[in-house]
Every structure is written in C-alpha cells, then in structure tokens.
Amino acid sequence: MKGKANISGSVAAGFPSPAEQYSEGALDLNDLLVKRPAATFFVRVQGDSMTGRGINDGDLLVVDRSIEPASGDVIIACVDGEFTVKTFRMGHGERGTGVRLEAANPRYPAIVLKQGQELDYFGKVTACIHRF
C-alpha cells in the first residue's frame with residue numbers, strides 16, 4: 001500500500017458514544033498488518049469454505065510464512081498440488097496423531113491427510129481484509 005491514511009478517531013460498536021472526535025494520526029496498513037515483510041504475502045480468497053471464520057469469497061488474506069502452525073490456526077496449505085485455506089488441526093484420531101484441515105462451512109468436509117498424501121505449508125493467516 002502506498003502512502004498512509006489517517007485514523008479519524010474511534011466509533012462505538014455497541015451503543016452510540018458521546019466521545020469527542022479526534023484524529024490519531026497517520027496509519028500505514030503495512031505497519032499494522034505486516035510484522036515480517038520478507039516472510040509476508042497476500043492472497044485473494046476464492047470460495048466460501050471459511051465463512052464460519054469470517055473469511056469470505058474475494059477477501060484478501062495476510063499470510064506470514066515464518067510462523068509455524070499450531071492446532072487451530074488458519075493456514076494456507078497445498079494438498080496434493082491444490083492450494084487451500086483451512087483451519088489446521090494436529091493430533092486427531094485414535095492415537096492423537098495426524099493432520100486434519102477443517103473448513104468453516106458445514107457444506108465442506110474436512111481434509112484428513114492420509115499416508116502418501118503431500119502437504120506443503122505456506123503460512124499462517126494473520127489478518128483478513130474484506131469489503132462490505
């Protein structure tokens with residue numbers, strides 16, 4: 001993003017607030033959303049499998065490749081050559097081992113990694129930007 005926008009103050013998300021309006025100064029979304037520039041990329045979402053996590057078709061995801069995934073993180077992965085955004089789960093099943101990639105829309109089944117399947121991890125989703 002080129003240039004900086006100004007923060008014009010704050011707004012109540014509950015009941016209206018009589019707080020006086022003020023300007024907080026310049027805002028650079030790179031400063032706000034990108035902690036490690038060399039390891040960060042942006043990707044546009046296609047599809048609706050993650051709507052339950054607030055990720056919609058057309059949203060822009062901020063992804064940090066330097067963060068190791070933990071169970072429950074939303075990640076970008078490639079399974080057998082197909083890219084996907086899903087919730088990463090580690091340690092499921094009878095023995096508490098294995099990897100599962102869960103959608104956040106009941107219309108889509110989880111991807112349960114089986115022996116011989118290839119999983120490449122591309123990064124943790126650290127932010128989601130969407131328009132109304």
Side-chain angles (χ1 to χ4, degrees):
M1 170 179 262
K2 292 183 179 181
K4 294 184 180 191
N6 286 323
I7 298 176
S8 297
S10 60
V11 64
F15 292 104
S17 171
E20 69 181 71
Q21 294 192 355
Y22 61 93
S23 178
E24 290 185 27
L27 169 70
D28 182 336
L29 289 178
N30 285 308
D31 290 341
L32 182 66
L33 300 175
V34 178
K35 303 299 180 215
R36 297 167 198 86
T40 301
F41 65 97
F42 298 84
V43 63
R44 178 96 40 208
V45 175
Q46 293 180 333
D48 63 353
S49 73
M50 294 300 288
T51 56
R53 295 287 301 255
I55 299 172
N56 303 308
D57 185 53
D59 285 353
L60 189 64
L61 301 178
V62 181
V63 182
D64 189 329
R65 293 182 60 99
S66 70
I67 302 172
E68 286 296 318
S71 192
D73 286 347
V74 175
I75 68 166
I76 303 296
C78 186
V79 179
D80 294 334
E82 298 285 327
F83 282 93
T84 189
V85 56
K86 296 288 182 277
T87 301
F88 176 76
R89 299 285 181 204
M90 186 69 177
H92 74 281
E94 293 177 16
R95 291 181 236 145
T97 60
V99 172
R100 178 181 176 100
L101 301 175
E102 298 175 347
N105 181 331
R107 294 186 6 214
Y108 297 89
I111 300 168
V112 179
L113 274 294
K114 298 175 178 70
Q115 187 172 351
Q117 278 189 295
E118 186 176 331
L119 171 69
D120 290 316
Y121 169 71
F122 279 86
K124 176 183 174 178
V125 175
T126 58
C128 176
I129 303 167
H130 65 265
R131 296 182 187 188
F132 294 102

>> I want to check something: taking the side chain as every heavy atom from C-beta on, are Val45 and Asn56 in contact at a cut-off of under 4.5 Å?
In response: no
>> Minimum heavy-atom separation for Asp59 and Gly54, please, with both atom names.
In response: OD2-O, 3.7 Å
Which residues satisfy the side-chain hydrogen bond (donor to acceptor under 3.5 Å, both in side chains) test with [X], sequence neighbours excluded?
{"X": "Ser49", "value": "Lys86"}
{"X": "Arg44", "value": "none"}
{"X": "Arg36", "value": "Asp64, Ser66"}

Enter the distance from [X]:[atom1] to [Y]:[atom2] here, rounded to the nearest 0.5 Å.
{"X": "Phe88", "Y": "Asp73", "atom1": "CZ", "atom2": "CG", "result": "8.0 Å"}
{"X": "Ile67", "Y": "Lys35", "atom1": "CD1", "atom2": "NZ", "result": "10.0 Å"}
{"X": "Glu82", "Y": "Ile111", "atom1": "CD", "atom2": "CD1", "result": "9.5 Å"}
{"X": "Ser71", "Y": "Arg89", "atom1": "OG", "atom2": "CZ", "result": "5.0 Å"}

By side-chain contact (heavy atoms from CB on, under 4.5 Å) - contacts of [X] (at least two apart):
{"X": "Val74", "value": "Met50, Arg53, Ile55, Val85, Thr87, Val125"}
{"X": "Leu119", "value": "Ala77, Val79, Val99, Leu101, Leu113"}
{"X": "Arg131", "value": "none"}

> Do the side chains of Val34 and Leu60 join up, straight or via other hydrophobic residues, at under 4.5 Å, putting them in one cluster?
Replying inline: yes
> Does one hydrophobic cluster hold both Ile129 and Val43, with members joined at side-chain heavy-atom distances below 4.5 Å?
Replying inline: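 No, Ile129 and Val43 fall in different hydrophobic clusters.
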>> Going by salt bridge (charged side-chain N to carboxylate O under 4.0 Å, His left out), name the residues that satisfy it together with Asp48, two or more places apart in sequence or in a different chain.
In response: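 Expected list: Arg107.
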> Quick check: does any side chain N or O of Asp28 sit under 3.5 Å from a backbone N or O of Asn30, one acting as donor and the other as acceptor?
Replying inline: yes
> Please, which pairs that meet ring-ring contact (aromatic ring centres under 6.0 Å, His included) have at least one residue in residues 64-85, sequence neighbours excluded?
Replying inline: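 Listed by first then second residue: Phe83-Phe122.
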> What pairs meet the ring-ring contact (aromatic ring centres under 6.0 Å, His included) rule with one or both residues in residues 27-62, with sequence neighbours excluded?
Replying inline: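 Listed by first then second residue: nothing to list.
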>> Can you list, by chain and residue number, the hydrophobic cluster partners of Tyr108 when the side-chain cut-off is 4.5 Å?
In response: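 Cluster partners of Tyr108: none, it stands alone.
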>> Test: side chain to side chain donor-acceptor pair (under 3.5 Å). Region: residues 116-126. Which pairs qualify, not counting sequence neighbours?
In response: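 Non-adjacent pairs meeting side chain to side chain donor-acceptor pair (under 3.5 Å): Asp80-Gln117.
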